[in-house]
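To find a chain, count down the sequence lines: A is the first, B the second, and so on, and within it residues start at 1. For the numbers below, each heavy atom of this structure counts, side chains included, while hydrogens, waters and symmetry mates do not.
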2 protein chains.
Amino acid sequence: MCEANVYLTGGAPNEEPELYLAAVDEILPDGEDAWKLKSIFGEQKLLNGRILSMNLVDHRIIFKKPEGAGA
Amino acid sequence: MCEANVYLTGGAPNEEPELYLAAVDEILPDGEDAWKLKSIFGEQKLLNGRILSMNLVDHRIIFKKPEGAGA
């Protein structure tokens, strides 16, 4: 299965992105810098942020939190 | 391998998205509504548009052309 793990970071240089939702199949835009994620297990989660990078072979998609958003 | 095919559509209801780049591994933002794509074969292509949908298990990512862009 070719799902990906979705990570979220504040964007600081030494910050390790934290796992937001694992095994994501579907990502749909839900407004400006907002996204609906759905995992292969049916779990759904909303995410606010912008795509920072996608590496599909590594199953790794990183979003950056909106400016000024807390941790 | 968990690459995806990237499609581009004008967004008309009956329009079939056309393949823009196959076997994409890496997608990186490159400015406002602009993206750098890289396939597992090393092919690179720039894309202008917004993400319309991502279905990773189906290896299918669809972008929508910017408003007013030609075919």
_Contact list for residues 6-15 of chain A, test salt bridge (charged side-chain N to carboxylate O under 4.0 Å, His left out), sequence neighbours left out_ = none
*According to a 4.5 Å side-chain heavy-atom criterion applied to Ile, Leu, Val, Met, Phe, Trp and Tyr, with indirect links allowed, do B:Ile51 and A:Ile27 form part of one hydrophobic cluster?*
yes
*For chain A, which residues from residues 19-26 of chain B have at least one heavy atom closer than 4.5 Å to it?*
B:Val24, B:Asp25, B:Glu26
*Side chain, backbone, both or neither of A:Arg60 within contact of chain B (heavy atoms, under 4.5 Å)*: neither
*Compare every heavy atom of B:Ser53 with every heavy atom of A:Leu28, then report the nearest pair and how far apart it is.*
CD2-CB, 3.4 Å
*asked:* Give the interface residues of residues 31-41 of chain A toward chain B, defined by a heavy-atom separation under 4.5 Å.
replied: A:Glu32, A:Trp35, A:Ile40
*Mind checking which of residues 2-14 of chain A sit less than 4.5 Å from chain B, heavy atom to heavy atom?*
A:Cys2, A:Glu3, A:Ala4
*Who wins among B:Leu56, B:Asp58, B:Leu52, B:Ile61 for the most heavy-atom pairs under 4.5 Å with chain A?*
B:Leu56
